[in-house]
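Scroll down for the structure; my scribbles are underneath it.
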Amino acid sequence: MARLCDICGQREATLFDRAIMNNVTVTYAYCEPCRNSLMRRGINPRVEADRIRLFNARECMFCGTTAETFEDTFLFGCPNCYTSMRGFALSIVERVQGANRHVGKLGIPFSLQNRGINSRIEFKDLPSFAAGDYIKRIFGNSLQSNARFKSADECSEDELTSACVISSRIRLARNLQGLNFPRNMGEYSHNLEDEILGAVQAANGVFDARVRRIRELDKSQKKALIERHIISLNLANNENLGAVIVDGGNTGFSVMINEEDHFREQCVMDGFDLRTAYKRLYVYDTNLMKHLPIAYDQQLGFLTACPTNVGTGMRASVMLFLPALRREGAIEDALAQFKKRYGLTIRGVFGEGSESQNDVYQISNSITLGIDEWTTIKQVEEAVRKMCYLERVALERLVIEQGNKLLNDITRSFNFLMQAEKLDYNEFSSEISNLKLGVILGSLPLNMKTSQIDKLELLCSPASIEIAIKNRREDPSRLRAEIVRAVLTEGRC
Ligand SMILES: [Zn+2]
Ligand SMILES: [Zn+2]
């Protein structure tokens, strides 16, 4: 069969050109019109033929991932997949992102001087997740009294958000140039130590980095890290290659190593504060780029295993307590509204689209290409404010329509928690949402802030209790009941 022209792919080739590359003879084939036209424009036909071949390739020549295997997992195999099957990668990215050009933070050239290959990682203890001085930690030094219940329109923006927002998180996905993505890495990688070392060194002067390989963590440590959203279940299961950097100073930083991407940097702030979280993470991220060669493409921005993260690689998310909207069954409506308007996602916190735990939901951006970091943050903020307003309106309605029943439920939950001898996690969990609602409504004899209830929740989580009773023969349910009682007694007014 006659060979077609490498350039147009339509006319029969009549001109052939042989080149030897890596001891292999490569034959280029052109039709006359194509070759003449390229020569006239001063373009080397070989270069153009190579470019076209890469553009049309359906297999990565670096990691072997093909268009077909991509469709199975929806993950690319290495950062070079984006170049060596350019046309395919671009079509996928455009499909999921609705954009094809990165406009956010720029990658910076990796400078060799910053590499610290000879230095070693210093191992320090992980921060404790135990409930030791729990009451002090919950209350700090001051208590603030709750004002009477205000309607949505009487509330300041701050009052609206502080009743709903639990925490704000920025996450950045980054990968190393020339290294297969974690899912495609195999059993062993000689780059792993450098990878971990670079991520730890980037924290110098930013936060107190404590690193652990996943296989060095015991079961309850893993559980505690999952409950605090520091690591994912996926990472917890990656005993071979996974590692985590925890912030010894408790300032909200963490880094997951070899989860879906080589690095998932995070910064979490209490309350509604995406901006501080991003500003702080920005510094760490810039350091990381000075220590390690981070995969970056001029057009597509930061390259990630999943094309849904390409561009900024950023996820800005806010955790919200939305008991009234959930009771009204209005979460789905809000979801549709925000999706349409901004491409934002809202979901229950532990479940995948399922019922959320303790009425906690997460709002986050879902587009990362064609939009810069600050615009993304502003959009998420706007959606959060809107959501907090809607929640307050729903709460007003709930108070007017079912006031007595609601107040009875809240009082019953409070009494139950105050009097229980033992509390297993499910019992605790089903009452805590009512308790928090009582604090928001100011209907309980408590002088507590909602953030203090959030901290109580964390202290009573299965892993926290497990760690607290380690090596002691104590009943977890009894300890949980004691903690709850002590905190609520302290908070009484
Ligand atoms: Zn041609
Ligand atoms: Zn590849």
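Heads up: numbering here begins at 1 and tracks the sequence.
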Candidate pair Val484 and Phe428, rule side chain to side chain contact (heavy atoms under 4.5 Å, CB included), full reasoning: CA-CA 9 Å; Val484 170; Phe428 167 74; 3.7 Å; yes
May I have the step-by-step check of side chain to side chain contact (heavy atoms under 4.5 Å, CB included) for Lys405 and Ile410, ending in yes or no? CA-CA 9 Å; Lys405 182 184 177 304; Ile410 289 169; over 6 Å; no
Name the one of Arg228, Lys449, Lys436 that satisfies salt bridge (Lys or Arg N to Asp or Glu O under 4.0 Å) with Asp454?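 Testing each of Arg228, Lys449, Lys436 against Asp454, the sole residue satisfying salt bridge (Lys or Arg N to Asp or Glu O under 4.0 Å) is Lys436.
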Inspect the contact between [Y] and [X] and indicate whether a charged nitrogen and a carboxylate oxygen are less than 4.0 angstrom apart.
{"X": "Lys422", "Y": "Asp475", "result": "yes"}
{"X": "Arg392", "Y": "Asp153", "result": "no"}
{"X": "Glu421", "Y": "Arg478", "result": "yes"}
{"X": "Lys105", "Y": "Asp285", "result": "yes"}
{"X": "Lys222", "Y": "Asp218", "result": "no"}
{"X": "Arg275", "Y": "Glu381", "result": "yes"}
{"X": "Glu157", "Y": "Arg385", "result": "yes"}

Between the main-chain N or O of [Y] and the side-chain N or O of [X], is there a donor-acceptor pair closer than 3.5 Å?
{"X": "Ser413", "Y": "Asn434", "value": "no"}
{"X": "Glu396", "Y": "Ser151", "value": "no"}
{"X": "His262", "Y": "Asn180", "value": "yes"}
{"X": "His102", "Y": "Leu369", "value": "no"}
{"X": "Asn447", "Y": "Arg492", "value": "no"}
{"X": "Glu260", "Y": "Ala305", "value": "no"}
{"X": "Arg480", "Y": "Cys460", "value": "yes"}
{"X": "Ser168", "Y": "Asp273", "value": "yes"}
{"X": "Glu259", "Y": "Ser232", "value": "no"}
{"X": "Arg215", "Y": "Leu241", "value": "no"}

Member of Ile400, Leu395, Val393 meeting the side chain to side chain contact (heavy atoms under 4.5 Å, CB included) criterion with Arg397: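 Among Ile400, Leu395, Val393, the one meeting side chain to side chain contact (heavy atoms under 4.5 Å, CB included) with Arg397 is Val393.
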Considering the options Ile257, Leu288, Ile170, Ile245, which one meets the side chain to side chain contact (heavy atoms under 4.5 Å, CB included) requirement together with Glu265?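 Output: one option passes, namely Leu288.
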Return the minimal non-hydrogen interatomic distance between [X] and [Y], and the atom names on each side.
{"X": "Cys267", "Y": "Arg280", "value": "SG-NH1, 3.7 Å"}
{"X": "Arg264", "Y": "Ala173", "value": "NE-CB, 3.7 Å"}
{"X": "Ile432", "Y": "Leu456", "value": "CD1-CD2, 4.2 Å"}
{"X": "Ala243", "Y": "Leu235", "value": "O-CD2, 3.6 Å"}
{"X": "Ile214", "Y": "Ala236", "value": "CG2-O, 3.4 Å"}
{"X": "Leu292", "Y": "Ala199", "value": "CD1-N, 4.0 Å"}

How long is the straight-line distance from [atom2] of [Y] back to [atom1] of [X], given to the nearest 0.5 Å?
{"X": "Phe321", "Y": "Cys388", "atom1": "CZ", "atom2": "SG", "value": "12.0 Å"}
{"X": "Met319", "Y": "Ser364", "atom1": "CE", "atom2": "OG", "value": "11.5 Å"}
{"X": "Leu225", "Y": "Ile230", "atom1": "CG", "atom2": "CD1", "value": "5.5 Å"}
{"X": "Arg326", "Y": "Ser433", "atom1": "CZ", "atom2": "OG", "value": "6.5 Å"}
{"X": "Arg485", "Y": "Gln419", "atom1": "CZ", "atom2": "CD", "value": "9.5 Å"}
{"X": "Ile367", "Y": "Thr308", "atom1": "CD1", "atom2": "OG1", "value": "9.0 Å"}

[Y] versus [X], side-chain donor and acceptor atoms under 3.5 Å:
{"X": "Glu373", "Y": "Thr312", "result": "no"}
{"X": "Ser167", "Y": "Asp270", "result": "no"}
{"X": "Asn238", "Y": "Arg213", "result": "no"}
{"X": "Thr375", "Y": "Asp372", "result": "yes"}
{"X": "Thr368", "Y": "Gln97", "result": "yes"}
{"X": "Asn175", "Y": "Asp261", "result": "yes"}

Taking the six-membered ring for Trp, is the centroid-to-centroid distance between Phe76 and Phe181 below 6.0 Å?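 No, too far apart.
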Would you say [X] and [Y] make side-chain contact, with heavy atoms under 4.5 Å?
{"X": "Asn258", "Y": "Glu195", "value": "yes"}
{"X": "Phe272", "Y": "Asp158", "value": "no"}
{"X": "Met314", "Y": "Ile377", "value": "yes"}
{"X": "Met387", "Y": "Leu322", "value": "yes"}
{"X": "Leu179", "Y": "Met185", "value": "yes"}
{"X": "Ile371", "Y": "Gln379", "value": "yes"}
{"X": "Ser162", "Y": "Thr450", "value": "no"}
{"X": "Leu406", "Y": "Leu441", "value": "yes"}

Parallel, tilted or perpendicular for Tyr278 and Trp374, by the 30°/60° rule?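 Perpendicular: the ring planes of Tyr278 and Trp374 meet at over 60°.
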Tell me if the CD atom of Glu239 is crowded by more than 12 foreign heavy atoms within 6.0 Å.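 Yes - once you tally the heavy atoms of other residues, nucleotides and ligands closer than 6.0 Å, there are more than 12.
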More than 12 heavy atoms of other groups within 6.0 Å of Arg315 CZ: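 Buried by this count: over 12 neighbours within 6.0 Å.
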Starting from the C-alpha separation in whole Å, work towards a yes-or-no answer on side chain to side chain contact (heavy atoms under 4.5 Å, CB included) for Val318 and Leu274. CA-CA 8 Å; Val318 174; Leu274 285 170; 3.7 Å; yes
For Leu172 and Tyr284: C-alpha separation, side-chain torsions, deciding distance, then whether side chain to side chain contact (heavy atoms under 4.5 Å, CB included) applies. CA-CA 10 Å; Leu172 297 171; Tyr284 174 76; over 6 Å; no
